[in-house]
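Notes follow once the structure below has been shown.
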There are 2 protein chains.
Amino acid sequence: MEPNIAFISALLGDPARSRMLIALMGGKALTATELALEADVTAQTASSHLAKLVNGELLIVRKQGRHKYFQLHRADIAQLIEQLLNVTSNINHPATITGPTDPNLRKARVCYDHLAGELSIGLYDALVSKGFIIDQGFETKLTNTGRSFFHAQGVNFDKLAKARRPVCKSCLDWSERRSHLAGSLGHWILEDIFAKKWAVRDLTSRAVSFNSKGLNAFARMYNIKNII
Amino acid sequence: MEPNIAFISALLGDPARSRMLIALMGGKALTATELALEADVTAQTASSHLAKLVNGELLIVRKQGRHKYFQLHRADIAQLIEQLLNVTSNINHPATITGPTDPNLRKARVCYDHLAGELSIGLYDALVSKGFIIDQGFETKLTNTGRSFFHAQGVNFDKLAKARRPVCKSCLDWSERRSHLAGSLGHWILEDIFAKKWAVRDLTSRAVSFNSKGLNAFARMYNIKNII
DNA sequence: TCTATAGTTCGATATGCATCGAAGCATTGA
DNA sequence: TCAATGCTTCGATGCATATCGAACTATAGA
């Protein structure tokens with residue numbers, strides 16, 4: 001019968017953990033290292049705290065490559081923290097600058113074998129609004145119209161299907177903290193960009209540099225708006 | 001800067017203290033000895049806890065003779081605890097029934113200083129359907145017709161306006177997961193129910209027990225349907 | 001392959017704090 | 001005045017846990 005509000009409160013009651021949770025109030029997923037910096041503790045300590053928060057179901061975690069992205073578990077957790085902030089009348093959450101500082105990297109870069117950065121978000125949104133893909137939260141699905149579209153662009157789906165990896169996959173973007181397109185289709189799109197010489201890969205960093213003609217052509221092909 | 005939410009949460013994070021605070025959710029002021037019994041600790045331990053809670057401004061204390069009466073400091077403290085109960089019931093038994101198991105508590109109980117439970121939900125819906133209040137998600141507003149109605153029932157709005165707390169406020173119900181009416185108007189309604197002897201407050205729990213005449217009169221006054 | 005980075009586990013340390021016994025105030029009622 | 005009750009302070013004890021160094025696994029990128 002005893003609803004253990006004490007247990008939940010104790011989780012919130014540690015300064016390092018509360019700093020992490022407040023940092024996550026922005027809604028963006030943050031990595032363990034970022035949260036360690038935010039809480040001003042070492043990675044080991046942060047790992048221990050994060051394990052407790054996940055175990056206490058205050059956070060959910062998505063593993064992606066060698067990163068772990070943490071987010072508040074549900075909206076009511078955010079509401080609880082909001083209420084706490086309200087009671088303490090402490091309304092300053094210092095916004096953390098996430099991801100790379102290099103503007104070129106923020107704009108477009110390679111993520112393993114597909115496109116990441118602002119342009120990849122624009123691409124993703126455009127594909128969704130055209131009805132080519134469906135965002136289902138943790139999963140992304142290619143629709144029939146999407147399949148037709150990419151087939152017309154020269155994608156050989158039989159060949160893609162042979163590879164073990166999924167054709168269509170969402171990937172949490174490092175700088176934007178939004179889903180972008182991964183999978184073998186994401187790979188095809190990036191290779192297609194290079195093949196058409198719309199962009200070149202930077203030799204020293206992961207940045208992808210579009211030329212002006214290429215950027216326009218890219219935007220036209222996928223009907224991407226708000227290209228700066 | 002320093003997240004005071006950790007300080008407040010740590011206060012709530014001790015089992016003995018959280019038991020005391022939940023006991024005070026009934027809205028009644030309790031003495032140190034009563035709270036010690038409630039928390040199942042000795043008088044010395046309770047004294048230490050209560051000093052911390054008063055110092056942290058979660059409680060206020062009134063000395064009366066050789067007794068000390070403790071109460072929740074403000075309504076937002078009660079709301080914080082309600083939200084905590086809400087979150088813990090989401091987490092602990094996601095499959096089972098949420099909130100209190102006691103059917104009397106589910107039916108009607110005191111939430112700090114206003115009515116909670118099934119009947120409060122029925123009241124809220126009735127007020128909305130009559131156009132007396134407007135539910136705006138996070139806010140609840142009293143309409144002009146609502147103001148006229150309650151004025152006719154004897155509510156002194158000039159007096160209510162003097163208090164710092166809002167007249168009309170929504171409060172998320174622990175067992176029902178729906179908004180019910182809080183604020184000074186919610187307080188007036190509960191006091192009105194007691195004044196008209198439609199219900200009595202249980203001495204040991206937060207339950208509010210309506211007698212059959214009172215329940216009918218209550219339903220008639222506010223035009224509440226589906227009273228079981 | 002190899003190197004750098006992300007994150008975890010383990011062990012040791014230290015600190016905080018809840019708890020209660022005993023003693024001390026404070027107030028009431030006789 | 002005295003005894004009874006309500007509450008607090010002090011001191012000792014013991015447990016929980018936050019912290020970090022060092023060593024470990026896993027992944028990315030070259």
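Computation of the quantities below employed the complete heavy-atom set of this structure, encompassing side-chain atoms and omitting hydrogens, waters and symmetry-equivalent molecules. Just so we're on the same page: letters track the sequence lines, and every chain starts at 1.
- A salt bridge is defined here as a Lys NZ or Arg NE, NH1 or NH2 lying under 4.0 Å from an Asp or Glu carboxylate O, and B:Glu82 with B:Arg109 meets this definition.
- For B:Arg66, the salt bridge (Lys or Arg N to Asp or Glu O under 4.0 Å) criterion is met by no residue, not counting sequence neighbours.
- Taking atom CG on B:Leu37 and atom C1' on D:dC7, their separation rounds to 14 Å, with Å as the unit.
- When atom types are taken as modelled, the side chain of B:Glu191 and the backbone of B:Trp188 share no donor-acceptor pair closer than 3.5 angstrom.
- B:Ala32 comes within 4.0 angstrom of the backbone, heavy atoms only, and of no base.
- Taking each heavy atom of B:Met25 and B:Ala78 in turn, the nearest pair found is CE-O, 3.5 Å.
- Checked options A:Ile60, A:Leu24, A:Leu12, A:Leu58; the residue passing with A:Leu53 is A:Leu58 (criterion: side chain to side chain contact (heavy atoms under 4.5 Å, CB included)).
- With sequence neighbours left out, B:Gln44 forms a side chain to side chain contact (heavy atoms under 4.5 Å, CB included) with B:Thr42.
- Of all nucleotides in DNA chain C, those with any atom nearer than 4.0 Å to a heavy atom of chain A start and finish, going 5' to 3', at C:dA4 to C:dT9.
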(request) List the protein contact pattern of nucleotides 12-23 of chain D with one symbol per nucleotide (5' to 3'): B for base contact, S for sugar-phosphate-only contact, - for none; contact means a heavy-atom distance under 4.0 Å. (result) ------SSBBB-
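- Between its two ends, the helix from C:dT1-D:dA30 to C:dA30-D:dT1 turns its axis by 30°, counting five pairs per end and rounding to 10 degrees.
- Every residue two or more places apart in sequence or in another chain that forms a ring-ring contact (aromatic ring centres under 6.0 Å, His included) with A:Phe218 is listed here: A:Phe210, A:Tyr222.
- Side chain of B:Ser9 to main chain of B:Ile5: a donor-acceptor pair is present (N/O by atom type, distance under 3.5 Å, no hydrogens or angles).
- Closest approach of A:His151 and A:Phe157 over heavy atoms only: N-CE1, 3.9 Å.
- For the pair B:Leu30 CG and D:dC7 P, the computed distance is 11 Å after rounding to whole Å.
- Note: A:Arg17 CZ to A:Arg19 CZ = 11.5 Å, rounded to the nearest 0.5 Å.
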